[in-house]
Each structure stands twice: as C-alpha cells, then as structure tokens.
Protein chains: 2
Amino acid sequence: MTTTMPAGEQHATRGRALQGERTRAAILRVAVDLASIEGLEGLTIGRLSTELAMSKSGLFAHFGSKEELQLATIEAARAIFIEEVVQPALEASERGLPRIWELCERWTEYAQRGVFKGGCFFAAASSEFDGRPGPVRDRIAGIMLEWLAALERGVREAQDSGHLDPKADAKQVAFEFNALVMAGNWAFQLYGDLKAFTRAREAIRDRLRSIATTGAPPMAALGISRRKSSSEKIARASAGE
Amino acid sequence: MTTTMPAGEQHATRGRALQGERTRAAILRVAVDLASIEGLEGLTIGRLSTELAMSKSGLFAHFGSKEELQLATIEAARAIFIEEVVQPALEASERGLPRIWELCERWTEYAQRGVFKGGCFFAAASSEFDGRPGPVRDRIAGIMLEWLAALERGVREAQDSGHLDPKADAKQVAFEFNALVMAGNWAFQLYGDLKAFTRAREAIRDRLRSIATTGAPPMAALGISRRKSSSEKIARASAGE
DNA sequence: GTCTTTGTAGCACGAACGTTCGTATTGCAC
DNA sequence: GTGCAATACGAACGTTCGTGCTACAAAGAC
C-alpha cells in the first residue's frame, strides 16, 4: 500500500531533473478528466492521488495549494481545447464562412468525442464557479471570453470576406452559436442523446444560411467534407472508452 | 445562539403537529438558494444549519439523509419554477405564438430577476449532476424534460393555431429556445452582463419570425406588452437583494 | 568521495463532512 | 396528571478534506 510504484524503477535512464515535469503532466492529464466529471471542487487531492497510486503529500508538493492545482488543471484543459478544437479548425479552413463553420463543427466533435470524460471541461467549470469569486473563476471566465471572441472574429472575417451579411451583429451571432453548441453538450451529457449535436449543427447551419450572401461558398459542401474526415476520430474515441 | 427562534413562541396558537412542516419549508427555502450558488453537493448540512441557526441534527432529522435533502430541495425548486415561470406564462397568454413567446420571456425574467440567488437552479444542478448516476440526477433530468416538453408543446400549439409553419420541427425549435435562454443565464451569471438576456430574447424573436405565418399575431406587440407588466417585479426583486 | 537539489513518502494537524444516539422539551389525548 | 408522539438539541462517531513538517532516496555538481 505504501509503494505500488517503486521509486527507483521508472527514472533509471531519464534524468532526474525532468521527472518532476513528467509527473506533473501525468497528474494534470488525470485531473482534467476527473474535474470534468466531478467538478473542479470535487477534484480532491486524495482522490487524485489514489487514482495515480501516489501519496497525497507527494502530489500536493507539485502545486502547493488546491487553488494552484485547480488553476494548473484549467491551463492544461485550455491547452487541450486549443489543440483539439481551435488549431485544427484554423488549419483545416480558410478565412470566411468555412472557418466559422469549422470552429462550431470542431467544437461539437470535441464534445461528442469525449475529449474530456465528463463533457466539455469549461462548460462544467464555468457553471460551477460562476458564483464563487476568486482567481479560478476569473481564469475560467477569461478563457470562455477567448472562445467567444474567436467565434465573433470568425463571423466578422466571414463578413469581411463577403460571405455573410455585413449588417449582422457578430457578437450576437457568436452568442447564439455558443449557446447552441453548449446546449448540445448539455443534452448529450444529461440524456446521452447524440441527436443533440445534430440539432446544434442544424440550427447553426440554418442561422448561417439566414445571413449568407449570394457570394458565399455553398452551404452543403461544408458539412459533408467535415463529416468524412471526422468519422475515424469518433471511432477511435469510442473504442478507447 | 442556541435559539434565535424561540420554540414556544410562534406556535402558541397553531397546532404543534404542524410545526414540522413549517420548519421543513423554511429549511428548503434557504436550501434552494444555497444550492443554486454552491451546487447541490456543496449544499452541506452544517452550512445549512448555521444559516438557519439550528442544530445539524435537528435539521438532519427532517430528511434522514443528504440525498433525501437534495431530492426535497429539487422538489421545492420545481414548485417555485412552476409558480414563477410556467403558471404565470400560461395564465397571461392564449394558445399559439403568444404562449410560446411568453414561456421564454418568463424564463428570462425568472433568471434575470434572481428568483434563485445563484441563477437558474436547474441549469446549475443539471450541469453538476450530469455525470453522477442516481436518483438525484434522474429527477433533475426528468424535470428538465418537463420543461423541454412544455416548450415543444408551445411550439406545436402555435403550429396548430396556424401561427407557425407546420413544417417546422417543434422539438428542434424547443431545443434552440432552451439553448438560448440557458445561455442567457450562463452569461449573466459568469459576466453579470444583462445584455445576454436581450441577446437571447432577440434570437428567439428572430427565430419565431422565421417560421411565423402571415396569419400570426404581429411580433412587435408581444414584447412590448410583456415588458410593461414585468418592470415592477424586477424592481421588487432588486430591492430585496 | 561528499554536497546540493529535486521528488516522493510518512505522519499528524484541525476542520468539516454525513450520520447516529441519547435526551430534553413541548402539545395533545386520555 | 400521565403517557405518547413530535420536535429539536448536544455530543460524538468515523471519514475525508486541505495542509503542513520531517525524512529519505536518487541524480547531478564538484
């Protein structure tokens, strides 16, 4: 019980000075999943150390306080979110209508694929901490603002590219798209209903159509191309679960 | 400290047998507010008893377990929700487009007015418990389903009344409306931004317009009549806070 | 070879958690 | 007036929480 992971074994060849970083990363990888299920407050040090088969104090030493652990977990989740949603969306699409669509599409995939075990980390965290002032809440709010700004920018760029009606309120559209994808995640988590994502996509497509110009790329092409390249990822994720 | 509420005083004329019910109701009134802020798990018996200036054991005896307290709190919140949103909406509007609009409008008001101190009780609870199987989660999911069904029914009735396009997917529209009002609540809780409710209303109005028939009552009239009768309630609520 | 730094474990703390138990007080029935 | 059921309290249970402090093993510097 004292040592399930013998100390001398796993860093025989690697330099000792790097072990800390690696352990920290390993902790945070588990922490983000745990927090997405149990919440950032339900993410306890005892539970986390049990999950990782290490001592409470050993784990604790990496962060110094629970709040620091929470903040580190948030940063780790943000990195994963960017890597899984924002970056691929930007790389896979050109500016304009394709990009704003791609952002929403990648988001629903990210939620559907279960990148975090308990659904979108930030949807959960922002609901949990909205009433608790402090640095944790501030950071979460800041990151959600980044996401909303990314959506808004996507809309604005599509307007500049002549794909969307320039008279449309970009902030308003971003609000609506975020509402729809978050609701997809919400319904999926609560009811396990995959159709929720289809509903979100459908609503977003309709809304885009309602403000698309005649010069915009045809709507139908967007969804179809995306579906194909994503099917393998979904299969991979559901196999791992 | 032991008794801020002297036991012999308030039931001098009332029957003693009713005291239990009254205390229970008083507990639950505080519990729903506390749970809307701290979450249903963060709603601790110790904290609740402190808030009510009564003993932990005395409070505990009313429920028998924490889970029973949570379930009772949920029922209390449901009663308030129906009383504050569903019933007034049904009474103040006739079947059809006015009613579905009224349901959404009453919901945003309910969130904006702060009927629960931490925002919509069920938005918070459903996000918190979506990953924790058990009777608490099941009840929350059931109540949210009631609400979604009420929205869907509102849309369907508006179709039957010839106000909305009968080809529209009522479930889809209900999903979208719920997404928008919940996002309004979310943004308001996280950023304190009252404009979020305006955005939600705006999006719902637009969506209704997009599927409204020529025989539907004029859209503009709906919003205006509502605003007037609600202003007093908002004033009353903000004074109490 | 020692010395220092780094990472982990062991142990203990005070507080809060949900829960149980015994007991005191009260109102009502008899 | 006596007995009963309802209601609430205070104390304590065992557990877990976050957080310290000390010790020790391993790697790199000299």
Side-chain angles (χ1 to χ4, degrees), chain A residues 1-28 31 34-35 38-73 132 134 136, chain B residues 1-28 31 34-35 38-73 132 134 136:
Chain A
M1 204 262 229
T2 45
T3 51
T4 43
M5 186 208 302
E9 193 171 50
Q10 58 184 345
H11 49 75
T13 55
R14 310 277 294 108
R16 175 109 180 116
L18 298 173
Q19 183 61 22
E21 272 308 315
R22 294 206 295 144
T23 307
R24 203 185 132 101
I27 292 169
L28 291 176
L34 229 169
E38 310 279 357
L40 264 174
E41 205 61 44
L43 171 71
T44 67
I45 295 170
R47 169 80 188 277
L48 193 51
S49 66
T50 305
E51 207 97 7
L52 285 150
M54 68 183 293
S55 72
K56 252 173 64 169
S57 55
L59 190 153
F60 184 82
H62 283 275
F63 304 98
S65 76
K66 169 147 193 187
E67 191 172 271
E68 284 303 319
L69 168 63
Q70 291 174 325
L71 290 169
T73 304
R132 308 184 195 179
V136 174
Chain B
M1 198 254 242
T2 44
T3 51
T4 45
M5 186 210 299
E9 191 173 50
Q10 59 185 339
H11 50 74
T13 54
R14 313 278 292 108
R16 173 103 179 118
L18 297 174
Q19 181 60 23
E21 273 306 315
R22 294 208 292 143
T23 306
R24 203 185 132 100
I27 292 170
L28 291 176
L34 229 170
E38 310 280 355
L40 264 173
E41 205 61 45
L43 171 73
T44 68
I45 296 169
R47 169 82 187 275
L48 192 52
S49 66
T50 306
E51 207 98 3
L52 284 150
M54 68 183 295
S55 69
K56 254 171 59 167
S57 55
L59 190 154
F60 184 84
H62 282 276
F63 304 97
S65 75
K66 170 147 191 187
E67 191 171 273
E68 284 304 319
L69 167 63
Q70 291 173 324
L71 289 169
T73 304
R132 310 184 193 180
V136 174

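The basis for the numbers below is simple: all heavy atoms, side chains too, and nothing from hydrogens, waters or symmetry mates. Here is the naming used below: chain letters follow the sequence lines, and residue numbers restart at 1 for every chain.
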Problem set entry | Rounded distance in Å - CZ (Phe63(A)) to P (dT8(C)) | 10 Å

For this session: Would you please test Leu71(B) and Phe63(B) for side chain to side chain contact (heavy atoms under 4.5 Å, CB included) and show each step?
Result: CA-CA 9 Å; Leu71(B) 289 169; Phe63(B) 304 97; over 6 Å; no

Exercise. Base, backbone or nothing for each nucleotide of nucleotides 13-20 of chain C, written B, S, -, heavy atoms under 4.0 angstrom, 5' to 3'?
Worked result: ----BBBB

Exercise. Would a 4.5 Å heavy-atom cut-off, applied to side chains only, mark His62(A) and Glu68(A) as touching?
Worked result: no

Exercise. Over how many whole Å does the gap from Leu59(A) atom CG to dG20(D) atom P extend?
Worked result: 15 Å

Exercise. Rounded to the nearest 0.5 Å, how far does OG1 of Thr23(A) lie from CG of Leu59(A)?
Worked result: 9.5 Å

For this session: Would you mind reading off the distance between Arg24(B) atom CZ and dA6(D) atom P, rounded to a whole angstrom?
Result: 15 Å

Under 3.5 Å, side-chain donor or acceptor atoms of residues 51-58 of chain A against the rest of the protein: list the pairs with distances, not counting sequence neighbours.
{"unit_1": "Glu51(A)", "atom_1": "OE1", "unit_2": "Arg47(A)", "atom_2": "NE", "d": "3.3"}
{"unit_1": "Ser55(A)", "atom_1": "OG", "unit_2": "Gly58(A)", "atom_2": "N", "d": "2.9"}

Exercise. Does Gln70(B) reach the main-chain N or O of Leu40(B) with its side chain, forming a donor-acceptor pair under 3.5 Å?
Worked result: yes

Problem set entry | Nearest-Å distance for atom pair CZ/P, residues Arg22(A) and dT6(C) | 17 Å

Seminar exercise, completed: The residue among Leu34(A), Leu28(A), Thr73(A) that forms side-chain contact (heavy atoms from CB on, under 4.5 Å) with Leu48(A) is Leu34(A)

Problem set entry | Side-chain N,O (His62(B)) to OP1/OP2 (dA6(D)) below 4.0 Å | no

For this session: For residues Glu38(A) and Arg132(B), determine if any side-chain heavy atom of one lies less than 4.5 Å from a side-chain heavy atom of the other.
Result: yes

Problem set entry | Pairing annotation in dot-bracket form, given for DNA chain D with Watson-Crick or G-U pairs under 3.5 Å and | for cross-strand partners | ||||||||||||||||||||||||||||||

